Amino acid sequence: MNLMGSFVIAFSMYSRIPMPQVEWTRERMKYAMCFFPLIGAVIGVLQLLVYWACNRFGFSYFGKLFPVILPILITGGIHMDGLLDVIDARSSHMETERKLEILKDPHTGAFAIIGCGVYLLLYAAVFGELRPNMLPTFGMIFILTRALSGLSVVTFPMAKKSGLAASFSGAAHKRTVGIVMILYLLLGEVGIWYFCGIPAAVIVFLIASLVYWYYYNMAKREFGGITGDLAGYFLQICELALVAGLAVVSHLV
């Protein structure tokens with residue numbers, strides 16, 4: 001029952017998929033992050049189904065655009081919100097304390113709006129270049145990015161003691177969550193190799209590793225650690241970078 005409660009907490013927090021109400025007990029919070037990548041699995045399956053249905057019924061243009069917004073619809077934009085908050089904070093070029101204040105500010109700045117437009121256009125452009133042979137890997141990147149984001153929550157230093165990331169990090173059984181996230185990553189890489197070959201598996205590993213390294217260093221240098229917004233920022237940036245990498249690979253193999 002506690003594991004089922006952990007599952008419900010993860011899906012209630014990080015998606016808009018209807019879930020029953022459960023009490024957020026400390027025992028359930030320990031393992032909630034273990035189920036975070038499963039939301040990515042749901043998104044990946046829906047992406048493939050939507051793409052197939054659109055092409056089956058002749059809506060090819062819609063099939064190239066709807067996958068850009070589907071993850072936002074499923075998650076309610078929680079990770080996109082983090083991306084935009086971090087864009088605003090980093091664009092201020094202020095000291096760490098002021099950047100953290102901007103992350104908490106509910107108002108949206110001009111740089112966030114510009115960043116949102118650029119992000120969505122880039123995503124649509126690179127997905128449009130993705131060839132069908134890479135679609136299974138495209139479906140799996142939503143699992144991998146969430147596994148890496150979850151891993152960062154239990155291994156990276158926190159920028160502050162309060163907030164979403166700090167709450168999940170403080171309540172999590174870090175060793176168990178860390179092992180589970182690594183298993184997701186390993187299974188994801190094996191799946192990519194099986195469905196799309198070694199080049200796709202290699203490019204996903206390299207890009208994800210580089211973005212993860214950048215995320216750690218940037219967050220520590222500019223914010224003193226990570227927050228929930230920074231975890232969302234990483235997830236969105238890594239997702240875009242992986243789709244772009246797969247688009248390139250799909251034209252080379």
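Just so you know, residue 1 is the first one in the sequence shown, and it goes up from there. It should be emphasised that the depicted structure is a prediction, and the values quoted were computed from it without experimental measurement.
Shown here for Val68 and Ala124, the closest heavy-atom pair between the two residues is CG2-CA, 3.7 Å. Across all non-hydrogen atoms, the minimal contact from Val204 to Thr137 is CG2-CG2, 3.9 Å. Among all heavy-atom pairs drawn from Leu235 and Ser149, the shortest one is CD1-CB, 4.3 Å. The two residues Ala41 and Ile143 come nearest to each other via the heavy atoms N-CG1, 3.5 Å. Contact between Lys99 and Glu222 at its shortest, heavy atoms only, is NZ-OE1, 3.0 Å. Closest approach of Ser152 to Tyr215, counting heavy atoms only: OG-OH, 3.2 Å.
Within 6.0 Å of OH in Tyr216 there are 12 or fewer heavy atoms belonging to other residues, nucleotides or ligands. Atom CZ of Arg221 is surrounded by more than 12 heavy atoms from other residues, nucleotides or ligands within 6.0 Å. For Ile198, the CD1 atom sits in a loose shell: 12 or fewer heavy atoms of surrounding residues, nucleotides or ligands are nearer than 6.0 Å.
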Using side-chain contact (heavy atoms from CB on, under 4.5 Å), reason through Met158 and Ile226 one step at a time and then give a plain yes or no.
CA-CA 5 Å; Met158 294 290 117; Ile226 69 166; 3.4 Å; yes
Residue pair Met13, Trp24: steps toward the side-chain contact (heavy atoms from CB on, under 4.5 Å) verdict
CA-CA 11 Å; Met13 185 67 240; Trp24 288 38; 3.8 Å; yes
Begin from the C-alpha positions of Tyr184 and Leu38 and carry the test side-chain contact (heavy atoms from CB on, under 4.5 Å) through to its verdict.
CA-CA 9 Å; Tyr184 277 119; Leu38 294 183; 3.5 Å; yes
Pair Tyr212, Leu151 - check side-chain contact (heavy atoms from CB on, under 4.5 Å), show working.
CA-CA 10 Å; Tyr212 197 67; Leu151 185 62; 3.6 Å; yes
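Within the model, atoms CG of Leu242 and CG of Leu144 stand 7.5 Å from one another, a figure rounded to the nearest 0.5 Å. For the atom pair Gln21 CD and Ser12 OG, the distance stands at 8.5 Å (nearest 0.5 Å). Here Ile141 contributes atom CD1 and Cys238 contributes atom SG; the two are 8.0 Å apart, rounded to the nearest 0.5 Å. Here His251 contributes atom NE2 and Met134 contributes atom CE; the two are 10.0 Å apart, rounded to the nearest 0.5 Å. Between atom CG of residue Leu240 and atom CG of residue Leu122 there is a gap of 6.0 Å, rounded to the nearest 0.5 Å. Between Leu187 atom CG and Met140 atom CE the span is 10.5 Å, to the nearest 0.5 Å.
For the ring-ring contact (aromatic ring centres under 6.0 Å, His included) test, no residue two or more places apart in sequence or in another chain qualifies with Tyr233. For Phe11, the ring-ring contact (aromatic ring centres under 6.0 Å, His included) criterion is met by Phe7, not counting sequence neighbours. Under the ring-ring contact (aromatic ring centres under 6.0 Å, His included) criterion, Phe36 pairs with Tyr14, His79, sequence neighbours left out. By the side-chain contact (heavy atoms from CB on, under 4.5 Å) test, Ala125 pairs with no residue at all, sequence neighbours left out.
Taken together through direct or relayed side-chain contacts under 4.5 Å among Ile, Leu, Val, Met, Phe, Trp and Tyr, Phe59 and Leu48 form part of one hydrophobic cluster. Tyr61 and Leu120 fall into different hydrophobic clusters, where Ile, Leu, Val, Met, Phe, Trp and Tyr residues are linked whenever their side-chain heavy atoms come under 4.5 Å apart, directly or through other members. Side-chain heavy atoms closer than 4.5 Å link hydrophobic residues (I, L, V, M, F, W, Y) into clusters, and following such links, possibly through other members, connects Leu185 to Trp193. One hydrophobic cluster, built from ILVMFWY side chains closer than 4.5 Å, cannot hold both Leu183 and Met33; they sit in different ones. When the side chains of ILVMFWY residues are joined at heavy-atom separations under 4.5 Å, either directly or via intervening members, Leu230 and Met94 end up in two distinct hydrophobic clusters.
Under 4.0 Å is where a charged nitrogen must lie from a carboxylate oxygen, and between Arg98 and Glu95 no such pair does. The pair Glu101-Lys104 does not count as a salt bridge, with every side-chain nitrogen at least 4.0 angstrom from each carboxylate oxygen.
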Listed pairs under 3.5 Å, donor-acceptor, residues 105-115 side chains, sequence neighbours left out:
from	atom 1	to	atom 2	distance (Å)
Asp105	OD1	His107	N	2.9
Asp105	OD1	His107	ND1	2.8

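Here the two rings, on Phe138 and Phe142, have centers that are under 6.0 Å apart.
Partner Thr75 forms a side-chain contact (heavy atoms from CB on, under 4.5 Å) with one of Leu70, Ile43, Asp81 and no other, that one being Ile43.
For residues 35-51, there are no side-chain hydrogen bond (donor to acceptor under 3.5 Å, both in side chains) pairs, not counting sequence neighbours.
Contact annotation: the side chain of Phe223 approaches that of Met218 to within less than 4.5 Å [non-hydrogen atoms, C-beta and beyond]. Counting heavy atoms from C-beta outward, Leu252 and Val249 have side chains that stay 4.5 Å or more apart. Side chains of Asn133 and Ser250 form a contact here, defined as non-hydrogen atoms less than 4.5 Å apart. With contacts defined as side-chain heavy-atom distances shorter than 4.5 Å, the pair Leu84/Asp88 does not qualify. Contact of the Thr227 side chain with the Lys160 side chain is registered, since non-hydrogen atoms from C-beta on lie closer than 4.5 Å. Between Pro71 and Gln236, the closest side-chain pair of non-hydrogen atoms is not below 4.5 Å.
The backbone N or O of Ala247 lies less than 3.5 Å from no partner atom in the side chain of Arg131, so there is not a single donor-acceptor pair. Between the side chain of Tyr31 and the backbone N or O of Thr176, no donor-acceptor pair lies under 3.5 Å. Between the side chain of Ser6 and the backbone N or O of Arg28, at least one donor-acceptor pair lies under 3.5 Å.
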